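Only one structure is covered here, and it is reproduced in the block below.
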Number of protein chains: 2
Amino acid sequence: MISQTAVHARRLVSEAFAVSSARGYHYRVLAALQEFGPASQAELGRRGRMDRSDVVAAVTELAREGFVERSADPADRRRNTVTITTAGIQQLQRLDRALDTAQDELLAPLSVAERRALVALLGKVLEHHGGVPTSRSVADRPPNRS
Amino acid sequence: MISQTAVHARRLVSEAFAVSSARGYHYRVLAALQEFGPASQAELGRRGRMDRSDVVAAVTELAREGFVERSADPADRRRNTVTITTAGIQQLQRLDRALDTAQDELLAPLSVAERRALVALLGKVLEHHGGVPTSRSVADRPPNRS
DNA sequence: ACGGAAACGTTGGCTGCGCCAACGTTTCGG
DNA sequence: CCGAAACGTTGGCGCAGCCAACGTTTCCGT
């Protein structure tokens, strides 16, 4: 069962994150920022499959720790532009290393070829069910409209 | 990422369960009962990797719906013997069918051979990290003992 | 035989993750 | 110009995985 395996994955990952007192959302925000550059919070949510409201919390916490900066977007006053800081990049590198370790531990019983096979299979499944559906940009105005 | 795949798995599974208004814990209890026969709640927890306290809740709910019966074990008055009822067996079959459907949907993009390969790989990972560690029978008396 | 250790059931609580609902504001488009 | 849409924010829900503590009962070593 995939769920079973996921439990172990989660445990190892959270174990890895615990050291830096970070959570999954933090990592996803930082990773999305590093990969695609500064963005609005809604955009971060789309990149990382997070709900808008969860992005708010993650960004707030990251900002408090000095890993990102939240600034008003002059071009669009609805948006906040979120930027990763130098400290944030370092934190991301730390988390990446921790993640690598955890992954190694998780996949310990598998040969390199097997790991590649597993990743390929999971990728296939993910791609199929993939998309970026939870944009929520759709679910904003479901106040009853007959 | 395995976690990503797990998210989809979870969504499909809970979608499948939603119909019967059941949750993961319920299924695990019923499945464990069917597979190994009546047992104490602690035993159910070990079989299904659940915490004792979560078993309590699951059994209570299942009992309220008439899917299991909770009776005092005459041989050991600490224990409750939990037994699956006929209705419980039927419910389990329903859930099993729903699960099969969900799994089919999840693994839709994979050929039969690929599915077998995936299962084998995950099994390997699980077995390695396997065991039944969370018995909690160990974590009962961690009141500070210097 | 006795007393401490261990197992059991139960209550209650905490965290993380994935969601949805509603609001006020701002921007966009017909 | 006005309604629709997007954005950020607050607040809430459910499930899953845990841990802590309690009272009771049983087990085991001395």
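Since this is a predicted model, take the numbers as computed values, not measurements. Each chain gets a letter, A, B and so on, in the order the sequences are listed, and its residues count up from 1.
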Sorted by chain and number, sequence neighbours left out, side chain to side chain donor-acceptor pair (under 3.5 Å) with Asp76(B) holds for Arg78(B), Arg79(B)
Sequence neighbours excluded, the answer for side chain to side chain donor-acceptor pair (under 3.5 Å) partners of Thr60(A) is Arg70(A)
Residues at least two apart in sequence or cross-chain that pass salt bridge (charged side-chain N to carboxylate O under 4.0 Å, His left out) with Glu69(B), listed by chain then number, are none
Distance in angstrom units between [X] [atom1] and [N] [atom2], rounded:
X        : N       : atom1 : atom2 : result
Tyr27(A) : dC17(C) : OH    : C1'   : 17 Å
Asp51(B) : dC15(D) : CG    : C1'   : 15 Å
Arg28(A) : dG16(C) : CZ    : C1'   : 11 Å
Met50(B) : dC8(C)  : CE    : P     : 14 Å

Considering only [options], which nucleotide approaches the side chain of [X] most closely?
X        : options                  : value
Ala42(B) : dC18(D), dC8(C), dA6(D)  : dC8(C)
Arg23(A) : dT9(D), dG17(D), dG16(C) : dG16(C)
Ser53(A) : dG8(D), dT10(D), dG9(C)  : dT10(D)

| said: Does this structure show an ion pair linking Arg115(A) with Asp104(A), if we count only N-O contacts that are shorter than 4.0 Å? | reply: yes
Is it true that Arg23(A) and Glu61(A) have a side-chain N and a carboxylate O under 4.0 angstrom from each other?
yes
Sorted by chain and residue number, the side-chain contact (heavy atoms from CB on, under 4.5 Å) partners of Ala87(A) (sequence neighbours excluded) come out as Phe67(A), Thr85(A)
Sorted by chain and residue number, the side-chain contact (heavy atoms from CB on, under 4.5 Å) partners of Ala108(B) (sequence neighbours excluded) come out as His128(A)
Atom pairs under 3.5 Å: protein N/O with N/O of nucleotides 27-30 of chain C:
from	atom 1	to	atom 2	distance (Å)
dT27(C)	OP1	Arg77(A)	N	2.7

At under 4.0 Å, does any side-chain N or O of [X] touch on OP1 or OP2 of [N]?
X        : N       : result
Arg70(B) : dC8(C)  : no
Gln41(B) : dA7(C)  : no
Arg79(A) : dA6(D)  : no
Arg52(B) : dG17(D) : no

Examine the base of dC17(C) for any acceptor or donor lying under 3.5 Å from a partner atom in the side chain of Asp54(A), and report the outcome as yes or no.
no
